[in-house]
Amino acid sequence: MSEERPTAPVPGRPTPRKLHEAVEECRACDLWEGATQGVMGEGARRASVMMVGEQPGDREDREGHPFVGPAGRILDKGLERAGIAREDVYITNAVKHFRYKMRGKRRIHQKPDRWQVTACLPWLEAELQMVKPEAVVLLGATAAQALAGSKVRVNRDRGRPLDSDLAKLVTVTTHPSSVLRAPDDEQRHEAMDAFVEDLRQVAGWLKKNGR
């Protein structure tokens, strides 16, 4: 009979400090074993917008902050172009530890398994409870399917409101890293423009609702 895994040790009445400390003790899945540290979300305690990506990358894992690598720069540019103030955004990930495989001396991103995402959901639920955002933007398929259901498809559903009780507005767009993966400059520009347009829909909703 297999040993039952522990659940995520999420503190009651979560605060940024409590969550940051508690995630280091999490053994709800196996990703902590190879990671440098857990990476919780960051941003204003009462941010209007919460953005949820997949997981920390190599740089995020080493530095302990979300979206500080190349994808983070794309996100910052997207927010600026869309007219969403960075200080009004709380940024986090569905999974709090970096999953990777070694290729020589490099750590290459590996998509987390569904059970790992599920094991990590209590952390994200605690962040939602703490921040209480007006809008939630799901960045990419992992976050979208974890929080909005397995039937969500990013390319089909992007930019429009989803039926969800997570926040008053819940929407999905591509992960910023997809812009970086585009094969040439023209397609990168097109991907970036589409990403910005999705964020502008969020900015318009916030303005319309006085946020």
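Just so it is clear, the structure is predicted and the values come from calculations on it, not from any experiment.
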Open item on the list: Which Ile, Leu, Val, Met, Phe, Trp or Tyr residues join Met50 in one cluster when any pair of side-chain heavy atoms under 4.5 Å counts as a link?
Closed with: Val10, Leu19, Val23, Met40, Val52, Tyr90, Leu121, Trp123, Leu124, Leu128, Met130, Val131, Val136, Leu138, Leu147, Val152, Val154, Leu162, Leu166, Val170, Val172

Open item on the list: Just by distance, no angles: are the side chains of Asp30 and Gln116 close enough, under 3.5 Å, to form a donor-acceptor pair?
Closed with: yes

TODO: Kindly say whether the aromatic ring centers of Phe67 and His175 come within a distance under 6.0 Å.
DONE: yes

Task: CA sep, side-chain torsions, deciding dist, call: Glu60, His65, side-chain contact (heavy atoms from CB on, under 4.5 Å) - done: CA-CA 5 Å; Glu60 288 81 2; His65 303 286; over 6 Å; no

Task: Minimum side-chain heavy-atom gap Met102-Tyr100 below 4.5 Å - done: yes

- [ ] Using salt bridge (charged side-chain N to carboxylate O under 4.0 Å, His left out) as the criterion, point out the one residue from Lys132, Lys96, Arg45 that pairs with Glu127.
- [x] Lys96

TODO: Give a yes or no on whether the backbone of Lys151 and the side-chain of Gln145 come within a donor-acceptor separation of less than 3.5 Å.
DONE: no

TODO: Check whether any side-chain heavy atom of Trp115 sits under 4.5 Å from a side-chain heavy atom of Cys29, and report yes or no.
DONE: yes

Task: Test item: side-chain donor near acceptor, Glu33 and His97, under 3.5 Å - done: no

Task: For His109, the option from Gln55, Lys101, Arg99 that meets side-chain hydrogen bond (donor to acceptor under 3.5 Å, both in side chains) - done: Gln55

Task: Residue pair Arg158 / Thr174, side-chain heavy-atom distance below 4.5 Å - done: yes

- [ ] Look at the side chain of Gln37 and the backbone N and O of Asp61, then say whether any donor-acceptor pair between them is shorter than 3.5 Å.
- [x] yes

- [ ] Check the surroundings of atom NZ in Lys18: do more than 12 heavy atoms from other residues, nucleotides or ligands lie under 6.0 Å from it?
- [x] yes

Open item on the list: Which heavy atom of Ile74 sits nearest to which heavy atom of Met192, and what is that distance?
Closed with: O-CE, 3.6 Å

TODO: Would you indicate whether the side-chain heavy atoms of Pro16 and Glu42 approach each other to under 4.5 Å?
DONE: no

Open item on the list: I want to check something: taking the side chain as every heavy atom from C-beta on, are Gln201 and Thr171 in contact at a cut-off of under 4.5 Å?
Closed with: no

Open item on the list: Salt bridge or not between Arg106 and Asp58? Use side-chain N to carboxylate O under 4.0 Å.
Closed with: no

- [ ] Identify whether the distance between the nearest side-chain nitrogen and carboxylate oxygen of Asp184 and Arg188 falls below 4.0 Å.
- [x] no

